Amino acid sequence: MKAAISQLVLPNLSMPEFFAQVKEAGYESVELSLRPNEGSPFNFNVTDADLDGFVQLSKKYNLPVDSITISNSKGNLLLPTLEAIPCIQETVWGLECAAKLGATAALHTLGRFTPELYYEDAYKNAVQNLKIIAPVAEKLNVALSVEFVWSGFLFSPVEMRRFLDEVGSTHVGFYFDPGNMAVFQYPQHWVRAIGKHVKRVHLKDFKGGPLNGVWTRLGEGACDFKAIFAELKKIGYDGPLVSEVATSLASLKDTADDIKKLIKQYC
């Protein structure tokens, strides 16, 4: 395992500034964030020349791009396939960008409901749409990794496992973020239930309840990292541990040190 960081933590930096600051703080790899905002250095207007520039920065600072996040600008993957085509196309394009950057995983949150989009329909739509995307992910060797977020969808580890089993691809999996489920459940339960579907790990911490909770520095919240790492070890996860800890909670260096301490203590 190694200490990594997501560009989601530092969205307003230029790409050179991001790589320089992350290297100085002691991280060992990065996750870049594909955003619809044209002001973002990595957006849907990015060119192959831009991507090559990111690769050169990665090499200059010895910070591999292990993963990316994909934030779609058009629709979502919970819609019927005909309506979801623009989102499917953007997601495929994001996977292609990831492959060009050398990343082997891409985070996706699938999308959100509307009053007219019922849960069971969204579930069926998402399975169908991911089955369309899966062959591309397999060809590119980039795992599209579904993250549990507070959208009300796939709200239990058993349902998430069943969902991924129905998609049925080695390259459509789960992006585990213990902070996201600590408000409702015990994150280590998700690792055991989902098992080999886990493709990447974000690190955040959280304490409190649904209406009064707050994000914290790693180790200061409710996440039982000893139990979490024990379950990650059982499933054979040895990939990057990607910080999503806001700099308002801890400095970049402090969080890098916190992750390295967790690795040393529990791995």
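Note that the coordinates shown come from a computational prediction; the quantities given were computed from them, not determined experimentally.
If you check the side chains of Thr255 and Asp258, you find no donor sitting under 3.5 Å from an acceptor.
Looking only at side-chain heavy atoms (C-beta outward), Phe184 and Pro187 stay at 4.5 Å or farther from each other. Taking 4.5 Å as the limit, some side-chain heavy atom of Ile228 sits within range of a side-chain heavy atom of Gln188. By the 4.5 Å heavy-atom criterion applied to side chains, Phe174 and Arg161 are not counted as neighbours. Contact check for Pro11 versus Ser40: no side-chain heavy atoms found under the 4.5 Å cut-off. Between His171 and Asn141, the closest side-chain pair of non-hydrogen atoms falls below 4.5 Å. Within the 4.5 Å cutoff, the side chain of Lys100 has no heavy atoms near those of the Asp52 side chain. Side-chain contact check for Leu77 versus Ile88: some heavy-atom pair is nearer than 4.5 Å. Side-chain contact between Leu82 and Pro80 is absent, with no heavy-atom pair separated by less than 4.5 Å.
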Show your reasoning for whether side-chain contact (heavy atoms from CB on, under 4.5 Å) applies to Leu252 and Tyr27.
CA-CA 9 Å; Leu252 292 178; Tyr27 292 90; 4.2 Å; yes

Going through the checks in order, is the side-chain contact (heavy atoms from CB on, under 4.5 Å) test met by Met181 and Phe206?
CA-CA 9 Å; Met181 58 268 302; Phe206 185 93; over 6 Å; no

Working note: Phe225 + Leu203, criterion side-chain contact (heavy atoms from CB on, under 4.5 Å); need CA distance, chi angles, decisive distance, verdict.
CA-CA 10 Å; Phe225 286 109; Leu203 284 188; 3.9 Å; yes

Step by step, work out the side-chain contact (heavy atoms from CB on, under 4.5 Å) result for Val172 and Leu164.
CA-CA 7 Å; Val172 176; Leu164 295 172; 4.1 Å; yes

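Using a 30° and 60° split on the angle between ring planes, Trp215 and Trp150 fall in the parallel class, below 30°.
Scanning both residues, Ile259 and Ser243, for their nearest heavy atoms gives CD1-CB, 3.8 Å. Leu78 and Phe153 make their closest contact through CD2-CE2, 3.5 Å (heavy atoms, listed as atom of the first residue, atom of the second, distance). Shortest non-hydrogen contact noted between Asn180 and Val183 is O-CG1, 3.7 Å. Across every non-hydrogen atom of Ala103 and Ile68, the tightest pair is CB-CG2, 4.3 Å. Taking all atoms of both residues into account, the shortest heavy-atom contact from Gln7 to Pro41 is NE2-CG, 3.8 Å. Scanning both residues, Ser71 and Pro36, for their nearest heavy atoms gives O-CD, 3.2 Å.
Cluster annotation: Trp190 and Tyr186 are assigned to distinct hydrophobic clusters (Ile/Leu/Val/Met/Phe/Trp/Tyr, side-chain heavy-atom contacts under 4.5 Å, transitive). Linking ILVMFWY side-chain heavy atoms closer than 4.5 Å, directly or via other members, places Val9 and Val214 in two distinct hydrophobic clusters. Residues Ile85 and Leu144 are members of separate hydrophobic clusters, defined by side-chain heavy-atom contacts under 4.5 angstrom among Ile, Leu, Val, Met, Phe, Trp and Tyr. Two different hydrophobic clusters hold Val191 and Val149 under the rule that ILVMFWY side chains link at heavy-atom gaps under 4.5 Å. Linking Ile, Leu, Val, Met, Phe, Trp and Tyr residues whenever their side-chain heavy atoms come within less than 4.5 Å places Val65 and Val22 in a single cluster.
Within the 3.5 Å criterion, the main-chain N or O of Cys223 finds a donor-acceptor partner in the side chain of Asp205. Not a single donor-acceptor pair under 3.5 Å links the side chain of Arg217 to the backbone N or O of Ala250. In this structure, Asn129 contributes its side chain and Asn125 its backbone to a donor-acceptor pair below 3.5 Å. Remark: the backbone N or O of Ile235 is paired with a side-chain donor or acceptor of Lys196 at under 3.5 angstrom. Checked by atom type and distance alone, the side chain of Ser29 never pairs as donor or acceptor with a backbone atom of Leu63 at under 3.5 Å. A donor-acceptor contact shorter than 3.5 Å links the side chain of Glu159 to the backbone of Phe155. Looking only at distances, a side-chain donor or acceptor of Glu17 sits under 3.5 Å from a matching main-chain atom of Ser14. With hydrogens and angles ignored, the 3.5 Å screen pairs no side-chain donor or acceptor of Glu244 with any backbone N or O of Leu8. One N or O on the side chain of Asp177 and one on the backbone of Gly179 form a donor-acceptor pair closer than 3.5 Å.
Distance CD1/Ile70 to OG/Ser145: 9.5 Å, rounded to 0.5 Å. Rounded to the nearest 0.5 angstrom, Thr91 OG1 and Ile133 CD1 are separated by 4.5 Å. Note that CG of Leu10 is 6.5 Å distant from CD of Gln21, once rounded to the nearest 0.5 Å. With rounding to the nearest 0.5 Å, the separation of CZ in Arg112 from CG in Asn76 is 10.0 Å. Within the model, atoms NZ of Lys131 and OG of Ser169 stand 11.0 Å from one another, a figure rounded to the nearest 0.5 Å. Distance check, rounded to the nearest 0.5 Å: OG1 of Thr81 to CD1 of Ile132 gives 4.0 Å.
Contacts of Lys2 classified as side chain to side chain donor-acceptor pair (under 3.5 Å), with partners at least two apart in sequence or in another chain: Asp66. Thr104 pairs by the side chain to side chain donor-acceptor pair (under 3.5 Å) definition with Arg200, not counting sequence neighbours. The side chain to side chain donor-acceptor pair (under 3.5 Å) check on Glu31 picks up Ser6, Ser67, Tyr175, His202, with sequence neighbours excluded.
Phe176 and Phe148 have their aromatic ring centers separated by at least 6.0 angstrom.
Annotation for Lys23: atom NZ counts as buried by contact number, over 12 foreign heavy atoms lying within 6.0 Å. The local environment of OH in Tyr123 is crowded, with over 12 non-hydrogen atoms from other residues, nucleotides or ligands closer than 6.0 Å. The environment of Tyr119 atom OH is dense: over 12 non-hydrogen atoms of other residues, nucleotides or ligands sit within 6.0 angstrom.
Salt-bridge annotation for Asp257 and Lys261: absent, with no side-chain N of the basic residue lying under 4.0 Å from a carboxylate O of the acidic one. Using a cut-off of 4.0 Å between Lys/Arg side-chain N and Asp/Glu carboxylate O, Glu166 and Arg162 are scored as salt-bridged.
The ring pair (Phe, Tyr, Trp, His ring centres under 6.0 Å) test with Phe54 singles out one residue from Phe42, Phe19, Tyr61, Phe18, and that residue is Phe42.
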